[in-house]
**Q** 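Input: one structure, supplied below.
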Amino acid sequence: MSIRFTTKARRGVVALTVAAGLALGVAGCGGGGDDDEKPKPSASTSKTGGSKPSAQEGQASEPLAEVKGPSGLLLRITSAVRDSGGFVTVSGDLKNDSSEVVVIPAALSGNETEIINNGRSLGGATLVDSKGKKRYYVLRDTDGRPLTTTGFSSIKPGETIDVFLQFPAPPTGTNDVSFQLPLFSSAAIQISG
């Protein structure tokens, strides 16, 4: 049994298909009514290359802390924001304050095999709650990749890379923590949110 369409019926099917496709396209492009709202990062999101944090991610005009590392590296922490999902996102920028190209030390990735296998990162960073006597390590996704800026091996003189790191959140009410990164001085920071 075969079905035959007349030319008029074929045009109707094509028109109906085009109309349905356009309706789906328009529905998919809806902005939700607030064009200024930007999506927040999730624990499963992995930013690479150091994309710049948005204002909604809590970037402050004055840094929370500046810590010096080897070979003229300077880490400026601009925000530490607690999320309702149970994690803290620390954002900032890593600058080469020297006049030479700086190769990023492998020690910044930490010493855990799972993180080292995923390339250079800031996976060795921790947040320390001295009052609660707990240390919080950088979160990992289901493939073992650290939830922090990755994919950089060197920084040119004067260059700055935007960075982020995600940690499990300390208990509510614990806002004062110490940020530690191998080879860098440690810094007291305050978690907001």
Side-chain angles (χ1 to χ4, degrees), residues 38-98 102 104-112 115 118 120-141 145-152 155 158-193:
K38 300 209 177 4
K40 291 185 179 183
S42 70
S44 63
T45 303
S46 179
K47 293 181 187 175
T48 57
S51 64
K52 192 168 207 148
S54 71
Q56 284 189 336
E57 291 176 352
Q59 185 172 6
S61 56
E62 286 296 315
L64 296 177
E66 287 186 350
V67 290
K68 293 184 179 186
S71 307
L73 289 175
L74 177 69
L75 177 62
R76 198 174 89 115
I77 300 170
T78 55
S79 68
V81 180
R82 184 187 306 269
D83 186 275
S84 60
F87 58 91
V88 170
T89 301
V90 174
S91 300
D93 53 67
L94 182 63
K95 181 179 182 183
N96 177 355
D97 228 2
S98 76
V102 174
I104 300 300
L108 299 188
S109 298
N111 58 9
E112 293 182 44
I115 291 181
N118 285 292
R120 294 280 164 92
S121 70
L122 301 177
T126 58
L127 291 181
V128 178
D129 169 13
S130 22
K131 194 174 182 181
K133 297 181 181 174
K134 290 194 177 179
R135 180 181 302 266
Y136 299 91
Y137 294 89
V138 171
L139 289 167
R140 294 151 187 87
D141 67 12
R145 292 183 299 249
L147 297 181
T148 180
T149 306
T150 60
F152 55 95
I155 304 179
E159 184 180 13
T160 300
I161 298 174
D162 294 324
V163 296
F164 86 103
L165 308 96
Q166 288 185 331
F167 300 91
T172 306
T174 300
N175 296 324
D176 296 318
V177 293
S178 175
F179 176 85
Q180 297 178 348
L181 182 64
L183 307 178
F184 280 72
S185 54
S186 60
I189 62 172
Q190 190 165 45
I191 299 170
S192 62

**Q** At their closest point, which heavy atom of L181 faces which heavy atom of G124, and how far apart are they?
**A** CD1-C, 4.4 Å
**Q** Calculate, to the nearest 0.5 Å, the distance between atoms CG and NZ belonging to L73 and K68 respectively.
**A** 12.0 Å
**Q** A106 and R120: which non-hydrogen atoms are nearest, and at how many Å?
**A** CA-NE, 3.7 Å
**Q** Taking all heavy atoms of A125 and all of L165, pick out the closest pair and write down the distance.
**A** CB-CD2, 3.5 Å
**Q** Taking side chain as C-beta onward, heavy atoms only, is N175 less than 4.5 Å from S192?
**A** no
**Q** Check T160, D162, I104 against L94 for a side chain to side chain contact (heavy atoms under 4.5 Å, CB included) and give me the one that passes.
**A** I104
**Q** Answer yes or no: is there an ion pair linking R76 with D93, defined by an N-O contact shorter than 4.0 Å?
**A** yes
**Q** Donor-acceptor pair, distance only, cut-off 3.5 Å: does the side chain of D141 make one with the backbone of R145?
**A** yes
**Q** Between CD of E159 and OG of S98, what distance do you get to the nearest 0.5 Å?
**A** 11.5 Å
**Q** So, for P146 and I115, which heavy atoms are closest and what is the spacing to 0.1 Å?
**A** CG-CG2, 4.0 Å
**Q** Look up atom CG in L108 and atom OG1 in T149, then write down how far apart they are to the nearest 0.5 Å.
**A** 12.0 Å
**Q** Could you tell me the separation between the CZ atom of R140 and the CG atom of N118, rounded to the nearest 0.5 Å?
**A** 10.0 Å
**Q** Does G123 offer a backbone N or O that forms a donor-acceptor pair with the side chain of S121 under 3.5 Å?
**A** yes
**Q** Looking at every heavy atom in both D129 and G132, which two are closest together, and how far apart are they?
**A** OD1-N, 3.0 Å
**Q** Restricting to non-hydrogen atoms, name the atom on V128 and the atom on Q180 that form the minimum distance, rounded to 0.1 Å.
**A** CG2-OE1, 3.6 Å
**Q** So which of V90, I191, T126 actually passes side chain to side chain contact (heavy atoms under 4.5 Å, CB included) with V177?
**A** I191
**Q** Quick one: are F179 and L64 in side-chain contact, heavy atoms under 4.5 Å?
**A** no
**Q** Could you check whether any side-chain heavy atom of I77 comes within less than 4.5 Å of a side-chain heavy atom of P63, counting everything from C-beta outward?
**A** no
**Q** Measuring from atom NZ of K131 to atom CG of D176, what distance do you get when rounded to the nearest 0.5 angstrom?
**A** 8.5 Å
**Q** Begin from the C-alpha positions of F167 and T148 and carry the test side chain to side chain contact (heavy atoms under 4.5 Å, CB included) through to its verdict.
**A** CA-CA 9 Å; F167 300 91; T148 180; over 6 Å; no
**Q** Return yes if some donor-acceptor pair links the side-chain N/O of D97 with the main-chain N/O of L74 below 3.5 Å, else return no.
**A** no
**Q** Between S91 (side chain only) and T78 (backbone N and O only), is there a donor and an acceptor less than 3.5 Å apart?
**A** no
